[in-house]
*Asks:* 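Dropping a structure here in structure tokens format, bear with me for questions.
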Amino acid sequence: MRVRKSAAAPASVRDFASVHASLLDWYDEHRRDLPWRQTSDAYAIWLSEVMCQQTRIETVIPYYLRFLSEFPTVMSLAEAPLDRVLTMWSGLGYYRRARMLHGAAQQVVADHGGRFPEAPGELRKLSGVGQYTAGAIASIAYGVRASVVDGNVVRVLSRLFAIGQDMRGGAGLQQIWAIADSMVPTERPGDWNQALMELGATVCTPQSPQCGICPLQSVCEGRRRGIERDLPRLAPKAKPKRWRRVALVATDERGAVLLARRVRDGLFGGLWEPPSVDADGPEEGMPRLGAMTGLTLKKGRCAHVGSFVHILSHRRIEADVCLVKDVKRSATTQNGAKNSTEYDRFEWVDTAMLSERPMTKFARKVLNAAPIG
DNA sequence: AATCCGGGGCC
DNA sequence: GGCCCAGGATT
């Protein structure tokens, strides 16, 4: 296999056989002992790949173990209530992944008799499975010769071949995919893909690549030219806007906490949280929170939690109400307007039952900080 | 092609 | 405070 000329493959990498041997040998000796590297179960590997999307490995491990313990088979996941799945996902972020994971499990049961297909084209039809994840499952679980391109692979290959194209654009990524495709060996394709990513994660790192211990240092064109730190070239991203998020933590006389469930689509879709609004200040958010929850809010004293907390008191119910203000990054919107939070239901929840609700990590933080329970 | 989706670790 | 992370869906 060869890289097409536009890929500018250096002469030293014309023959991939030695590169395969170098990197695979290195991988065999230096790979991290990750839980999903002890199985060939396509379901477990799929789960790990979805969890690892845009998420650090160290973060994923405890979630992966808990999730697999709760849902040991694709069948058990398919049959589980979505709320249970979201609860197990709670804190991991990108919650649409959890909904798509649940849907894909049902697809596998319905369309494939509970066994993951081997062909990347078939895997690609599962919800939440893109080109990367399809290639990962096929190569790692089934030994299919398919390639993967993630952030690590982009970095390693753009350096190895000294490709200066912008890797946020489609053309640059397309070139990396072409190279990755051409490089996957017939033997051990899954290990090769993981080795490429492992190298990017542990040696060929974004800031300070450790070229001195890299198994590919002698054939790396970026290294030879001394431009490895400037690669991959990434066009600057648009800066997100910021505003404050204000949460209302209300408890009734029995100590139950008022929670609201966000609408299914959009930010934190389907998750529960203390009723919250985006506002410039806590006073601005109070009327909206009051209207939303039916509570009459009255400003009380101030305490410090995270940024700071306003303790309020309620007139009709003798309950403590506190307002937590936090500066939170939010997405850029076209008109610069604040995100509107929509809820589809409210509920008073006993504090002992809070762990059973799918919630964001921030919502748990707010509840832990508030004087409840 | 551009934008959105979380949360955390690191510099 | 900015960057990055085992990406994919949506428009």
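In what follows, every chain begins at residue 1, and chains take the letters A, B, ... in the order their sequences are listed. Everything numeric here is computed off the predicted structure, so don't read it as measured data.
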*Asks:* Taking CH2 from A:Trp177 and P from C:dA6, how many angstroms apart are they, rounded to a whole number?
*Replies:* 15 Å
*Asks:* Any side-chain N or O of A:Arg155 less than 4.0 Å from the OP1 or OP2 oxygen of C:dC5?
*Replies:* yes
*Asks:* Please figure out whether A:Pro232 or A:Gly128 has its closest DNA chain C nucleotide nearer the 5' end.
*Replies:* A:Pro232
*Asks:* Tell me which of A:Gly266 and A:Gly169 sits closer to the 5' end of DNA chain B, going by the nucleotide each one is nearest to.
*Replies:* A:Gly169
*Asks:* Is the positively charged end of A:Arg66 above the ring of A:Tyr63, judged by distance under 6.0 angstrom from the centroid and angle within 45° of the axis?
*Replies:* yes
*Asks:* Please name the pair of heavy atoms, one in A:Gly128 and one in A:Gln53, separated by the smallest distance, quoted to 0.1 Å.
*Replies:* O-NE2, 3.7 Å
*Asks:* Rounding to a whole Å, what distance do you find between A:Tyr64:OH and C:dA6:P?
*Replies:* 17 Å
*Asks:* Would you call A:Arg262-A:Glu342 a salt bridge at under 4.0 Å N-O?
*Replies:* no
*Asks:* Considering only the C1' atoms, how many Å lie between B:dG6 and C:dC5, rounded to the nearest integer?
*Replies:* 12 Å
*Asks:* At 4.0 Å (heavy atoms only), tell me whether A:Arg168 reaches a base, stays on the sugar-phosphate, or touches nothing.
*Replies:* sugar-phosphate
*Asks:* So what does A:Glu58 touch, heavy atoms closer than 4.0 Å: a base, only the sugar-phosphate, or nothing?
*Replies:* nothing
*Asks:* Mind checking A:Trp36 for me? I need base, sugar-phosphate or nothing, with any heavy atom below 4.0 Å counting as a touch.
*Replies:* base
*Asks:* Which nucleotide, C:dC4, B:dC5, C:dG8, lies nearest any side-chain atom of A:Pro206?
*Replies:* C:dC4
*Asks:* Does A:Arg188 come within less than 4.0 Å of A:Asp28, counting only side-chain N to carboxylate O?
*Replies:* yes
*Asks:* Using only side-chain N and O atoms of A:Gln53, determine if any of them is under 4.0 Å from OP1 or OP2 of C:dG7.
*Replies:* no
*Asks:* Does A:Thr55 put a side-chain nitrogen or oxygen below 4.0 Å from OP1 or OP2 of C:dA6?
*Replies:* no
*Asks:* Please confirm whether the shortest side-chain N or O distance from A:Lys361 to OP1 or OP2 of B:dG8 is below 4.0 Å.
*Replies:* yes
*Asks:* Distance between the P atoms of B:dG8 and C:dG8, in whole angstroms?
*Replies:* 23 Å
*Asks:* Could you check how far CH2 of A:Trp46 sits from C1' of C:dG8, rounded to whole Å?
*Replies:* 14 Å
*Asks:* Expressed in angstrom and rounded to an integer, what is the separation of A:His102 atom NE2 from C:dA9 atom P?
*Replies:* 17 Å
*Asks:* Nearest to the side chain of A:Tyr95, which nucleotide is it out of B:dG7, C:dG7, C:dA9?
*Replies:* B:dG7
*Asks:* Determine, for A:Glu228 against A:Arg155, whether the closest basic-nitrogen to carboxylate-oxygen distance falls under 4.0 angstrom.
*Replies:* no
*Asks:* When we call it a touch if two heavy atoms are under 4.0 Å apart, what does A:Val60 touch: a base, just sugar-phosphate, or nothing?
*Replies:* nothing
*Asks:* Assign A:Ser48 to base, sugar-phosphate, or nothing according to its heavy-atom contacts below 4.0 angstrom with the strands shown.
*Replies:* nothing
*Asks:* So that I can tick it off, tell me whether A:Asp344 and A:Arg261 are bridged by a salt bridge, with the cut-off set at under 4.0 angstrom between side-chain N and carboxylate O.
*Replies:* yes
*Asks:* State, yes or no, whether a side-chain contact exists between A:Tyr27 and A:Trp192 at a heavy-atom distance under 4.5 Å.
*Replies:* no
*Asks:* Regarding A:Glu347 and A:Arg357, does a basic nitrogen lie under 4.0 Å from an acidic carboxylate oxygen?
*Replies:* yes
*Asks:* Mind calculating the distance between CE (A:Met51) and P (B:dG6) to the nearest angstrom?
*Replies:* 15 Å
*Asks:* Between P on C:dT10 and CZ on A:Arg264, what's the gap in Å once rounded to a whole number?
*Replies:* 10 Å
*Asks:* Grab the N/O contacts between the protein and nucleotides 9-11 of chain B below 3.5 Å, and write none if there aren't any.
*Replies:*
none

*Asks:* By the 4.0 Å heavy-atom rule, please label A:Leu173 as base, sugar-phosphate, or nothing.
*Replies:* nothing
*Asks:* Expressed in angstrom and rounded to an integer, what is the separation of A:Arg233 atom CZ from C:dC3 atom P?
*Replies:* 15 Å
*Asks:* In the structure I gave you, are the side-chain heavy atoms of A:Pro117 and A:Lys125 within less than 4.5 Å of one another anywhere?
*Replies:* no
*Asks:* Whole Å only: how far is the CD atom of A:Gln54 from the P atom of B:dG6?
*Replies:* 12 Å
*Asks:* Want to settle it: does A:Glu49 or A:Leu126 sit nearer the 5' end of DNA chain C, counting the closest nucleotide to each?
*Replies:* A:Glu49
*Asks:* With P as the reference atom in both, quote the distance from B:dT3 to C:dA6 in angstrom, rounded to an integer.
*Replies:* 24 Å
